[in-house]
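Some notes on the structure that comes next.
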Amino acid sequence: MQDNPSIQFDDQRLAKRHQLAQAGVPMYPHEFRRSHTIGAIRTEFCDAGHDPLPEQVMTAGRLYGVRDHGKTFFADLRDETGRIQLYIRKDALPEGKFQTFKSSIERGDIIGVTGRVFRTKVGEISVFVDDLVLLTKTLCSLPEKFHGLTNLEKRYRQRYLDLIVNEESRETFRTRSRIISLLRNFLSGQGFLEFETPTLQPLYGGANARPFTTFHNFLGQRLYLRIAPELYLKRLVVGGFEKVFEVAKNFRNEDIDTSHNPEFSMVEIYQAYADYNDMMKLTESLISSIVKEVTGSDKLAFEENTISYDTPFQVMSMEDAVRTIGGVDIFTHDPDTLRQIGKEKGVDGVDNVHTQREMLVLFFEALVEDKLVQPTFITDFPVENSPLAKSHREKEGFVERFELFIAGMELANGFSELNDPLDQVQRFEAQEEKRRLGDEEAQMHDYDFVNALGYGMPPTGGVGIGIDRLVMLITGNTSIKEVILFPSMKREITSATEDEDSPSA
RNA sequence: GGGUCUGUAGCUUAGUCGGUAGAGCGGCGGACUCUUAAUCCGCAGGCCAGGGGUUCGAGUCCCUUCAGGCCCGCCA
């Protein structure tokens, strides 16, 4: 049976399965109608006494601890709503059931029980089992009951197993789901419409990143997995939808680390007749309301810090941030002096740039970013780095753009959207020039998009918020892999894949 | 890409100076009708991540491959 080393069924469990089959016990019945979930039993019968209540309940779940006392068993049964103890007595079960249970049903199996609720003499609410039925025989044995599964690689690769045994992990993903649903409610409540735009795109745009490339056989054409939904969502604003958003999976062909996964989730939001100030207001109210709703507090611990999500968040221009936090007043120095200062302060890349504005960005990244622990909007970026943002209404050479930093992480990025089609053409051309010079992450010239702008997009504010990082902050996880159910992992080479042509098949 | 640490039974792990690979949980057999990391007695279970080397002898030392963690670089 175990010829294929990729299959990790447990021989001892296979033997039990065989026993059950011989005895004609159904191992994978089609349904089981519960009268109560475990959580419902706990609420409804919380004041049960030592004598079993008259009412019979039917409930189901996975068996965790099984404590064998000879002619009785105590066992822990768990479903999504909670855990409850079963009290199983030989003399209470139908003829033969006890023996079947004892010999062939074990920890990890999924069973349904019929019984009556009571409280044990040490005070634990339990189900006095009158009958039980096997609902799913498991063939893989569960990790140890006390230490559980701690091996990170295994937790990520076999997330289902992590979820079975690690309540904290289950709680993290429950919270993640809740955050996304609150996000949708928040935006819908303000009149935003949710749309879905292409994931497979003939051109990629909306961010600076290397894409994944694929090929459509029928079209005979190369396609890219989107790096951002931005350019499509703005087409919707051109089309007359004034408040739109998309909860989008983005794909970026870049390295993997504790804050980057090749595919990640982002919500992008666009609002007509709004500017970047409005989008900052929207962003902070969205984030702080989700934090409060999920945790019941506006202060959260993250790493060694306590982060306050009280609004308003701090706002600082990039120039001010570099001056007050980085200690360098960029525009009082010429580029050569800045290069000198940069080298002294360990700022990378100063040899490759020549303007004060470019220096500003480098100084910001090196000296300021990771010091922004409390929620802080950094505003007004140099035009060179922001081909889709509108020029600043007051500061020459800058755009109306902001990024939100929390705990040193970039959490959101938004701007007053560029809607002047000619300006957009020039920005794309500048990007094309960068591409020609070998910048693989410069943006592609999207002619259909500029034509869309040619039909007129109202003044619009937009923002993208990283959902994975938001979940990290709210759940207190410092690795993005802890908040992505199935994080990208390198393929394992098993002996099965090496021995494709062995006679095992 | 660089550095560093890790990989031993299904899981959690011990393994000293290089000398027969040890435990707990889980499993199996036995005892036990209010336990909860149940308890007690007994048993089985290991290609020490893979490959190569040094050695009389390697889980242990060396080289290398694979996978993962962390830090740095790269990257919105």
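Being a predicted model, the structure only gives us computed values, none of them experimental. Order of the sequence lines sets the chain letters (A, B, ...), proteins ahead of strands, with each chain counted from 1.
For A:His260 against B:C75, a side-chain N or O and a base N or O form a donor-acceptor pair under 3.5 Å. Interface remark: the A:Glu124 side chain does not form any donor-acceptor pair with the B:U35 base, using a distance-only criterion of under 3.5 Å. The base of B:G7 does not come close enough to the side chain of A:Asn151 for any donor and acceptor atom to sit less than 3.5 Å apart.
Residue A:His50 has its side chain nearest to B:C34 when only B:C75, B:C34, B:C32 are considered. Picking from B:G27, B:U36, B:U33 the nucleotide with the shortest atom distance to the side chain of A:Gln12 gives B:G27. With B:C11, B:G26, B:C74 as the choices, the nucleotide that has an atom nearest any side-chain atom of A:Arg107 turns out to be B:G26. The side chain of A:Glu254 sits closest to B:C75 out of B:G69, B:C75, B:U33. For A:Tyr87, the listed nucleotide lying nearest its side chain is B:C34; candidates were B:G27, B:C34, B:C11. Here the side chain of A:Asp10 is nearest to one of B:U36, B:G10, B:U33, namely B:G10. Residue A:Ser141 places its side chain closer to B:G10 than to any other of B:C32, B:G10, B:G69. Taking the side chain of A:Arg67 as heavy atoms from C-beta on, and the options B:U35, B:G73, B:U33, the nearest nucleotide is B:U35. Comparing B:G10, B:G73, B:A37 by their closest approach to the side chain of A:Asp257 singles out B:G73. If you check B:A67, B:C34, B:U36 against the side chain of A:Lys490, the one that comes closest is B:A67.
Between A:Asp68 atom CG and B:C41 atom C1' the separation is 14 Å, expressed in whole Å. Nucleotide B:G73 holds its C1' atom 15 Å from the CG atom of A:Leu362, rounded to whole Å. In this structure, the CZ atom of A:Phe98 is 10 Å from the P atom of B:U33, given to the nearest Å. Remark: P of B:C25 and CD of A:Glu144 are 9 Å apart, rounded to the nearest angstrom. The interatomic distance linking A:Glu410 (CD) with B:C74 (P) rounds to 16 Å, in whole Å. Regarding A:Arg13, its CZ atom lies at a distance of 15 Å from the C1' atom of B:G45, rounded to whole Å. As a whole-Å value, the separation of A:Asp91 CG from B:C32 C1' is 15 Å. Between A:Leu149 atom CG and B:G7 atom C1' the separation is 15 Å, expressed in whole Å.
Both the sub-6.0 Å distance and the 45° axial angle are not jointly satisfied by A:Arg159 relative to the ring of A:Phe486.
The nucleotide B:G22 finds its pairing partner in B:U13, both defining distances of the Watson-Crick or G-U wobble pair being shorter than 3.5 Å. If you check B:C70 for Watson-Crick or wobble pairing at under 3.5 angstrom, you find it paired to B:G3. Figure legend. B:A49 is base-paired to B:U65; pairs are counted as Watson-Crick or G-U wobble with both atom distances under 3.5 Å.
For A:Glu303, the CD atom is densely surrounded, since the number of other residues' heavy atoms within 6.0 Å is greater than 12. Taking a 6.0 Å sphere around NZ of A:Lys90, one finds it holds 12 or fewer heavy atoms contributed by other residues, nucleotides or ligands.
Contact of the A:Phe398 side chain with the A:Arg357 side chain is registered, since non-hydrogen atoms from C-beta on lie closer than 4.5 Å. Under the 4.5 Å side-chain criterion, counting only non-hydrogen atoms from C-beta, A:Thr376 is not in contact with A:Phe313. Side-chain contact between A:Glu482 and A:Arg155 is present, with at least one heavy-atom pair separated by less than 4.5 Å.
Using a 4.0 Å cut-off, some side-chain N or O of A:Lys481 falls inside it from OP1 or OP2 of B:G69. At the phosphate of B:C11, OP1 or OP2 sits under 4.0 Å from a side-chain N or O atom of A:Lys154. Taking 4.0 angstrom as the limit, A:Arg157 places a side-chain polar atom (N or O) nearer than this to OP1 or OP2 of B:G68. For the OP1/OP2 pair of B:U12 and a distance below 4.0 Å, the side-chain nitrogens and oxygens of A:Thr150 include at least one atom meeting the criterion.
Nucleotides B:C71 and B:G51 have their C1' atoms positioned 29 Å apart, rounded to a whole Å. Atom C1' of B:U8 sits at a distance of 14 Å from the matching atom of B:G45, rounded to the whole Å. B:A37 and B:G19 have their P atoms separated by 39 Å, with the value rounded to a whole Å. Going from the P atom of B:G18 to that of B:C56 covers 16 Å, rounded to whole Å. The C1' atoms of B:A9 and B:U4 are separated by 29 Å, rounded to the nearest whole Å. Here, B:G53 and B:A58 have their C1' atoms 11 Å apart, quoted to the whole Å. Using atom C1' as the reference point in both B:G7 and B:C48, the two lie 10 Å apart (nearest Å). Atom name C1', nucleotides B:C17 and B:C61: the rounded distance is 12 Å, in whole Å.
Base orientation at B:C25 is anti, since its O4'-C1' glycosidic dihedral falls outside 90° of 0.
Exactly one residue among A:Tyr204, A:Phe251, A:Phe212 makes a ring pair (Phe, Tyr, Trp, His ring centres under 6.0 Å) with A:Tyr224. That residue is A:Tyr204.
A:Ala15 comes within contact range of no nucleotide atom at all, as no heavy-atom separation falls under 4.0 Å. A:Phe264 comes within contact range of no nucleotide atom at all, as no heavy-atom separation falls under 4.0 Å. When heavy atoms are screened at a 4.0 angstrom cut-off, A:Phe364 is found touching no nucleic acid atom at all. Across all strands shown, A:Gly148 has heavy atoms under 4.0 Å from sugar-phosphate atoms exclusively, and none from any base. Here A:Glu403 lies in heavy-atom contact (under 4.0 Å) with a base.
For the pair A:Asn385 and A:Ala75, both in contact range of RNA chain B, the more 5′-proximal nearest nucleotide belongs to A:Ala75. Checking A:Tyr156 against A:His147, the closest nucleotide of RNA chain B that is more toward the 5' end is the one next to A:His147.
Summarising the geometry, atom OG1 belonging to A:Thr283 is positioned 6.0 Å from atom CD1 belonging to A:Ile287; distances are rounded to the nearest 0.5 Å.
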For this session: Just do the salt bridge (Lys or Arg N to Asp or Glu O under 4.0 Å) check on A:Arg176 and A:Asp468 with the steps written out, would you?
Result: CA-CA 8 Å; A:Arg176 181 182 175 115; A:Asp468 308 288; 2.9 Å; yes
